[in-house]
Enquirer: 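Have a look at this one.
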Amino acid sequence: MSDDPLRVYDLDLDELESYLTHLDEPSYRAQQVWEWLYVQLADSFEQMTNLPGALRERLAEETTVQLLEVVDTIRSTDGGTRKDLLRLLDGETIEAVLMRYERRRTACLSTQVGCGMGCPFCATGQMGFRRDLSSGEIVAQAVHFTRVLRHEGDSLTNVVLMGMGEPLANYEASLAAIRRLSHPTGFRLGQRHITLSTVGLVPEIHRLAREELQITLAVSLHAATDDLRNQIVPINRRYPLDPLFDACADYVEQTGRRISFEWALITGVNDGSEQAHALANRIQGLLAHVNLIPLNPSPDYQREGSNRIHVRAFAAVLDQLGVPYTIRVRRGTAIQAGCGQLRQRSGRG
Ligand code: SAH
Ligand code: SF4
């Protein structure tokens with residue numbers, strides 16, 4: 001461990017300050033470096049021209065700015081979506097996706113290498129858990145896409161923690177990354193433009209509700225009865241629907257923010273009217289919105305995403321019962337933009 005360079009993207013502003021103070025630098029240096037990292041998006045210390053040369057050299061020796069190397073990129077045919085396979089310093093690989101849709105420029109970030117939650121339909125789940133990402137490794141994915149966009153005279157507008165991994169199982173790093181990306185003198189992404197997606201870890205949802213953040217919480221529901229959810233989202237056996245919905249109600253009460261429920265429609269599994277009714281019952285009275293997405297194919301799951309007729313039929317029941325929803329088009333199915341799929345395609349891990 002001791003030979004590993006310090007990753008500057010792992011540091012909060014006050015940690016950067018104490019590090020630079022320990023190098024006998026004046027306190028304003030931290031803000032200078034901070035701006036190089038999060039405003040100018042410098043990818044080396046050489047670029048930080050307002051720092052003394054000796055300091056730049058020392059920083060380059062002891063620390064590193066570069067955490068990710070792009071090893072593969074695939075683009076959708078319309079050019080709107082791009083998915084990158086990124087190699088970390090220890091050789092592990094993760095994926096991150098950039099989506100352009102109307103005026104939105106959304107980066108979908110990974111929070112872990114693999115995932116231990118075992119959802120059978122998910123390519124990342126099929127891989128198992130390998131390790132947590134550090135806060136800097138999460139942040140660096142957003143910085144990477146911001147550089148790509150800046151090259152085109154464009155900028156990032158939204159971040160979703162919806163790539164590989166379960167963000168609430170890597171709570172500290174995910175929260176630190178959210179705070180750093182929304183820092184008012186740094187990256188300055190509005191918290192309302194950040195979404196965290198969770199499989200439904202109940203104690204962490206209660207904890208998140210008390211962080212005084214303005215982010216959107218998305219809960220990957222996929223089933224509205226315990227019998228079915230136990231099968232397709234195994235963590236439901238530990239955190240069944242009753243405590244999960246208590247946690248969601250708590251989140252809404254504490255934050256005043258609307259919750260999103262993700263529902264991947266799977267033919268013959270969760271796309272019938274019985275589930276639609278159960279869903280409507282569950283979210284009655286809750287400030288919530290449902291996102292319907294036909295399941296994306298993944299290698300080890302032999303079920304199919306619902307076709308348009310079944311999606312419409314499911315949505316019609318929600319209409320009838322007054323449940324607000326959006327039907328999402330899976331952007332990037334053709335480029336395996338579903339979580340974990342590029343890594344599998346490349347045969348890594
Ligand atoms: N672990 C978190 C965030 C990463 S997964 C979570 O589960 O919420 C991001 C989203 O992609 C989740 O809603 C997940 O259920 C969904 N997902 C995973 N595999 C999918 C697939 N094959 N088709 C459609 N959605 C999928
Ligand atoms: Fe993990 Fe989310 Fe995939 Fe489930 S859906 S295995 S929680 S990444």
Side-chain angles (χ1 to χ4, degrees), residues 83 94-97 99 106-133 138 141 159-171 173-174 177-178 194-202 204-205 208 215-223 228-239 244 247-248 259-267 269-271 289-306 311 326-345:
K83 172 147 133 166
I94 52 163
E95 298 173 4
V97 181
M99 291 163 286
T106 305
C108 176
L109 314 182
S110 291
T111 55
Q112 299 179 316
V113 184
C115 180
M117 298 294 143
C119 307
F121 55 84
C122 168
T124 306
Q126 291 161 14
M127 183 189 304
F129 173 74
R130 295 179 64 92
R131 75 164 170 90
D132 282 332
L133 296 188
I138 301 170
Q141 300 166 57
V159 159
V160 295
L161 301 185
M162 268 195 196
M164 296 167 70
E166 167 51 43
L168 295 187
N170 185 13
Y171 191 94
S174 298
I178 290 169
I194 300 178
T195 297
L196 182 153
S197 178
T198 179
V199 70
L201 303 188
V202 165
E204 285 77 12
I205 294 174
L208 186 67
I215 62 168
T216 297
L217 180 65
V219 174
S220 300
L221 197 61
H222 308 313
L228 181 58
R229 199 163 188 269
N230 285 344
Q231 291 170 38
I232 57 177
V233 184
I235 198 68
N236 194 73
R237 294 177 207 150
R238 179 152 9 138
Y239 302 120
L244 176 58
C248 292
I259 292 206
S260 296
F261 289 104
E262 305 296 312
W263 193 285
L265 286 156
I266 312 170
T267 304
V269 174
N270 65 354
D271 64 351
H289 187 92
V290 177
N291 289 318
L292 300 175
I293 311 157
L295 183 85
N296 237 5
S298 70
D300 297 341
Y301 191 66
Q302 306 315 328
R303 301 277 187 170
E304 285 179 3
S306 306
V311 174
T326 307
I327 299 175
R328 304 256 175 220
V329 195
R330 271 259 158 213
R331 268 160 231 298
T333 306
I335 63 161
Q336 291 111 10
C339 89
Q341 294 179 0
L342 175 60
R343 196 182 136 116
Q344 288 202 345
R345 185 191 76 138

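Numbering of residues begins at 1 and proceeds along the displayed sequence. Start at 1 and go down the list; that is how both ligands and their atoms are numbered.
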Enquirer: Tell me the contacting part of Ile293 for ligand 1: side chain, backbone, both, or neither, using a 4.0 Å heavy-atom threshold, strictly below.
Expert: neither

Enquirer: I'd like to check which ligand 1 atoms, numbered from 1 as shown, lie under 4.0 Å from a non-hydrogen atom of Gly165.
Expert: 1 (N), 2 (C), 3 (C), 4 (C)

Enquirer: With a cut-off of 2.8 Å, does Cys115 put an N/O/S atom close enough to atom 3 (Fe) of ligand 2?
Expert: no

Enquirer: Find out whether Ser197 and Pro167 are in side-chain contact, i.e. whether some heavy atom of one side chain is under 4.5 Å from a heavy atom of the other.
Expert: no

Enquirer: Backbone, side chain, both or neither: what part of His222 comes under 4.0 angstrom of ligand 1, heavy atoms only?
Expert: side chain

Enquirer: Below 4.0 Å from ligand 1: does a non-hydrogen atom of Ala123 turn up there or not?
Expert: no

Enquirer: In ligand 2, which numbered atoms sit nearer than 4.0 Å to a non-hydrogen atom of Val199?
Expert: 7 (S)

Enquirer: Heavy atom under 4.0 Å from ligand 1: found in Glu166's side chain, backbone, both, or neither?
Expert: both

Enquirer: Under the rule for side-chain hydrogen bond (donor to acceptor under 3.5 Å, both in side chains), what residues qualify as partners of Tyr171, not counting sequence neighbours?
Expert: Glu211

Enquirer: Does ligand 2 have any atom sitting under 4.0 Å from a heavy atom of Gly165?
Expert: yes

Enquirer: So, 2.8 Å as the limit: is an N/O/S atom of Cys119 located closer than that to atom 4 (Fe) of ligand 2?
Expert: yes

Enquirer: Check each atom of ligand 2 against the heavy atoms of Gly125 and keep those under 4.0 Å away; list them by number with element.
Expert: 6 (S)

Enquirer: My understanding is that only residues two or more places apart in sequence, or in another chain, count here; which of them pass salt bridge (charged side-chain N to carboxylate O under 4.0 Å, His left out) with Arg131?
Expert: Asp90, Glu137

Enquirer: Enumerate the atoms of ligand 1 whose separation from the nearest heavy atom of Thr198 is less than 4.0 angstrom.
Expert: 6 (C), 8 (O)

Enquirer: Any luck finding a side-chain donor-acceptor pair between Thr111 and Glu166 under 3.5 Å?
Expert: no

Enquirer: Check each of Met117, Met164, Glu262, Gln126 against atom 7 (S) of ligand 2 and report the one with the nearest heavy atom.
Expert: Met117

Enquirer: Could you work out, for atom 4 (C) of ligand 1, the closest of Ala169, Pro297, Ser197, Gly163 by heavy-atom distance?
Expert: Gly163

Enquirer: Which of the numbered atoms in ligand 1 are under 4.0 angstrom from any heavy atom belonging to Asn296?
Expert: 21 (C), 22 (N), 23 (N), 24 (C)

